[in-house]
Amino acid sequence: MAIKKVTRAEDYSGWYNYIVENADLAEHSAVRGCMVIKPYGYAIWEKMQQDLDRRFKETGHSNAYFPLFIPKSFFTKEAKHIDGFATECAIVTHHRLKNVNGEMVVDPDAKLEEELIVRPTSETIIWNTYKGWIQSYRDLPILVNQWANVVRWELRTRLFLRTAEFLWQEGHTAHATANEAIAETKQMLDVYADFAESILAIPVIKGVKTENERFGGALDTYCIEGLMQDGKALQMGTSHFLGQNFAHAFDVKFLTKENKQEYVWATSWGVSTRLMGALIMAHSDDDGLVLPPRLAPIQVVIVPIYRTDDERIRIDAKVDEVVASLKKQGISVKYDNRDTQKPGFKFAEWELKGVPVRLAIGPRDLDNGTVEVARRDTKEKIVMDLTDLSHKVEHLLEQIQTNIYQKALDFRTENTNNVDSWDEFCEKLESGFVLAHWDGTSETEKKIKEKTKATIRCIPIDNLLQDGKCILSGNPSTQRVIFAKAY
RNA sequence: CGGGAUGUAGUUCAGCCCGGUGGAAUGCCUGCUUUGGGAGCAGGAGGUCGCAGGUUCGAAUCCUGCCAUCCCGACCA
């Protein structure tokens, strides 16, 4: 049997694509830069959505929906924020096709009076709307989130990591005071960080972006940064303190208790389907996807092993009991009773798809009252007594969740280095995060990027202050910042 | 958007240099034997050779343009 496998060591990008396609997560579509998220991949995204949505609601937010199209004039109102993606906008110019000799062409008579931009982000349409919602301090805060698709006409795309259209959530909040908005910004950063660590099982560093990396419309951009297995950093979520930029741009004022007109303070925050990419690159191995149990659409797969119809009937009956008891514990379980594939094939297939736990039940097990339990993360196989199996499996799933996180944390610890010389700086950049002194200037940051391709991923929150010398310029520095090559 | 590569069966690829009725493996379908780590044998179905032009008696093969994908750059809240 010749199964083509791509290993991480051989070809990291090839390995990534192989997993995305062969684990049935997504595939390229007929539209340039746009992907089809397949049912199995979408099921994982839905689990992310569910957990995040619960957290948003718990912190007082409500969902709403704003238009896909944004009048072009809105973008000129807050010019700074559009700089970042002005070069990657999809623009709607017409509203009708006509049939010319059997070919559909754009009807030149159907030109829009004002062109519409397919949203790359929704601050403008939302703040245009908020203007009508806010008159007094009693209308504040507004805590709204939307689940939506956005379009950024990327020239170089990669499934999940960077696509022309992607799915995300964007929270947009309005507050009476700067402090309240800052607290909201940080609160949502904490929500993201906790989600990443406890659900995705990826350790992240919370930090603030430097001016170079900041969202154009923001006063401060906070982020969570994760480290992938190839030593590159991935920004996994952002939370912006927008100050009064959008309130000024859209003239959104409110009356305070003291009857004074003031501009509203804003935040926005988002995570996207890019998290799918993070999930793959953080945990998976050369045998395929490795899913943390809390995100796995199928947590347990059961593979029957039999020779005769009689054996099969007896195993089916036993499996029915096992399935019922697992479901009772809230475990999602699939009985792979396809008669068209052999067990070995099924083992390999479910490993490729990252199912955390596999149970195999055969005639031997029926005789002994046992089951073979295999865990995806360690590839370990043990024979377990069927007694109280559902609790044992529940416990095992928790163990796997913890172990996957710990493994990622150990990897990050091993690949995070304090560095004080330029040579060592360049060397350690190859493997992960580098903590080095920086003189605080954009100029130095840009020079370092030119020389090494590395950027400052963030200045960690609550960073330790210590005197030192900038890794490049030698000028005085008060703290180490995190450098890495990034996706 | 610049440089490089690729595009042939569902998939991975050979064929192209040197033009002459499109191949393999795997997957798929049928049957039998199998089933505790990607099964074996036999038979069968499956292709506008990325798209559009051009050269030619004749194009998967040569030429031009376009599209898509991958790699490297530039860009990227």
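Only a predicted model underlies this, so the values are computations on that prediction, with no experimental measurement involved. Numbers restart at 1 for each chain; the letters A, B, ... are given by sequence-line order, proteins then strands.
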Using 4.0 Å as the upper bound for N to carboxylate O, is an ion pair formed by [Y] and [X]?
{"X": "A:Lys186", "Y": "A:Asp190", "result": "no"}
{"X": "A:Lys209", "Y": "A:Glu225", "result": "yes"}
{"X": "A:Asp285", "Y": "A:Arg376", "result": "yes"}
{"X": "A:Asp462", "Y": "A:Lys206", "result": "no"}

Tell me what [X] touches on the nucleic acid: a base, only sugar-phosphate, or nothing, going by heavy atoms under 4.0 Å.
{"X": "A:Phe241", "result": "nothing"}
{"X": "A:Arg32", "result": "sugar-phosphate"}
{"X": "A:Glu21", "result": "nothing"}
{"X": "A:Ser268", "result": "nothing"}
{"X": "A:Gly237", "result": "nothing"}
{"X": "A:Glu213", "result": "sugar-phosphate"}
{"X": "A:Thr121", "result": "nothing"}
{"X": "A:Pro363", "result": "base"}
{"X": "A:Trp269", "result": "nothing"}

Between [X] ([atom1]) and [N] ([atom2]), how many Å, whole number?
{"X": "A:Arg162", "N": "B:C75", "atom1": "CZ", "atom2": "P", "answer": "12 Å"}
{"X": "A:Asp336", "N": "B:G36", "atom1": "CG", "atom2": "C1'", "answer": "15 Å"}
{"X": "A:Glu27", "N": "B:C70", "atom1": "CD", "atom2": "C1'", "answer": "17 Å"}
{"X": "A:Arg364", "N": "B:G37", "atom1": "CZ", "atom2": "C1'", "answer": "13 Å"}

Opposite nucleotide pairing with [N], Watson-Crick or G-U, both atom distances under 3.5 Å:
{"N": "B:U21", "value": "none"}
{"N": "B:G43", "value": "B:C29"}
{"N": "B:G73", "value": "B:C1"}
{"N": "B:C16", "value": "none"}
{"N": "B:U34", "value": "none"}
{"N": "B:C49", "value": "none"}
{"N": "B:A60", "value": "none"}
{"N": "B:G7", "value": "B:C67"}

Of all the nucleotides listed ([options]), which has the minimum atom distance to the side chain of [X]?
{"X": "A:Phe345", "options": "B:C76, B:A74, B:G38", "answer": "B:G38"}
{"X": "A:His28", "options": "B:G36, B:U69, B:G38", "answer": "B:U69"}
{"X": "A:Thr87", "options": "B:U69, B:C75, B:C71", "answer": "B:C75"}
{"X": "A:Leu155", "options": "B:U35, B:G38, B:C1", "answer": "B:C1"}
{"X": "A:Glu349", "options": "B:G38, B:G36, B:C71", "answer": "B:G38"}

Distance, [atom1] atom - from [M] to [N], rounded to whole angstrom:
{"N": "B:C18", "M": "B:G73", "atom1": "C1'", "answer": "37 Å"}
{"N": "B:U21", "M": "B:U12", "atom1": "C1'", "answer": "26 Å"}
{"N": "B:U48", "M": "B:G44", "atom1": "C1'", "answer": "24 Å"}
{"N": "B:U8", "M": "B:A45", "atom1": "P", "answer": "23 Å"}
{"N": "B:C63", "M": "B:C41", "atom1": "P", "answer": "42 Å"}

With hydrogens left out and only the distance checked, is there a donor-acceptor pair under 3.5 Å joining [X]'s side chain and the base of [N]?
{"X": "A:Arg358", "N": "B:G37", "answer": "yes"}
{"X": "A:Lys381", "N": "B:G37", "answer": "yes"}
{"X": "A:Glu351", "N": "B:G37", "answer": "yes"}

### Query
Do A:Asp230 and A:Tyr16 come close enough that some side-chain heavy atom pair is under 4.5 Å?
no
### Message
My understanding is that only residues two or more places apart in sequence, or in another chain, count here; which of them pass salt bridge (charged side-chain N to carboxylate O under 4.0 Å, His left out) with A:Lys232?
### Response
none
### Message
With a sphere of 6.0 Å drawn around CZ of A:Arg338, does it hold more than 12 non-hydrogen atoms of other residues, nucleotides or ligands?
### Response
yes
